[in-house]
Amino acid sequence: MIRVYICPKCEAIKVGSRRKKVVCYYCGETPMLITELEFLKYSEMLPEERQEYAREWMKKYREKKKIVEEKEDADEEQKG
């Protein structure tokens, strides 16, 4: 299965199939993040659409990550 990855540092997109840890060719960040985007849909997108998808996906990812971190901080404060 071909997967679509996004770099959390520079938002570059890369496709791959077997690797678990994918390295960004542009900035060297590893691991890149795997997305839910199917390769067939990705292959039908224009380059501008791909970049927009990457920006929106990273925005959602960062929001989720922030919520999780805030929840962990609140849990630690309750325990401590």
Taking C-beta and beyond as the side chain, do I6 and Y61 meet within less than 4.5 Å on heavy atoms?
->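 Not touching, per the 4.5 Å side-chain cut-off.
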Measuring from [X]:[atom1] to [Y]:[atom2], what's the distance to the nearest 0.5 Å?
| X | Y | atom1 | atom2 | answer |
| --- | --- | --- | --- | --- |
| R3 | E36 | CZ | CD | 12.5 Å |
| E70 | K65 | CD | NZ | 13.0 Å |
| E44 | L40 | CD | CG | 4.5 Å |

Of all heavy-atom pairs linking M45 and E49, the shortest is CA-OE1, 3.3 Å
Candidate pair E38 and I2, rule side chain to side chain contact (heavy atoms under 4.5 Å, CB included), full reasoning | CA-CA 8 Å; E38 295 178 9; I2 298 176; over 6 Å; no
K71 and its side-chain contact (heavy atoms from CB on, under 4.5 Å) partner, picked from V68, I67, D75 =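 Going through the options one by one, the only one that passes is D75.
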Less than 3.5 Å apart, which donor and acceptor atoms pair up between the side chains of residues 21-35 and the rest of the protein, not counting sequence neighbours?
{"residue": "T35", "atom": "OG1", "partner": "V4", "partner atom": "O", "Å": "2.9"}
{"residue": "T35", "atom": "OG1", "partner": "L37", "partner atom": "N", "Å": "3.3"}

Check the pair V15 / Y5 against side chain to side chain contact (heavy atoms under 4.5 Å, CB included), numbers first and verdict last.
-> CA-CA 6 Å; V15 294; Y5 298 86; 6.0 Å; no
So the salt bridge (charged side-chain N to carboxylate O under 4.0 Å, His left out) pairs with at least one residue in residues 50-61 (sequence neighbours excluded) are E52-R55
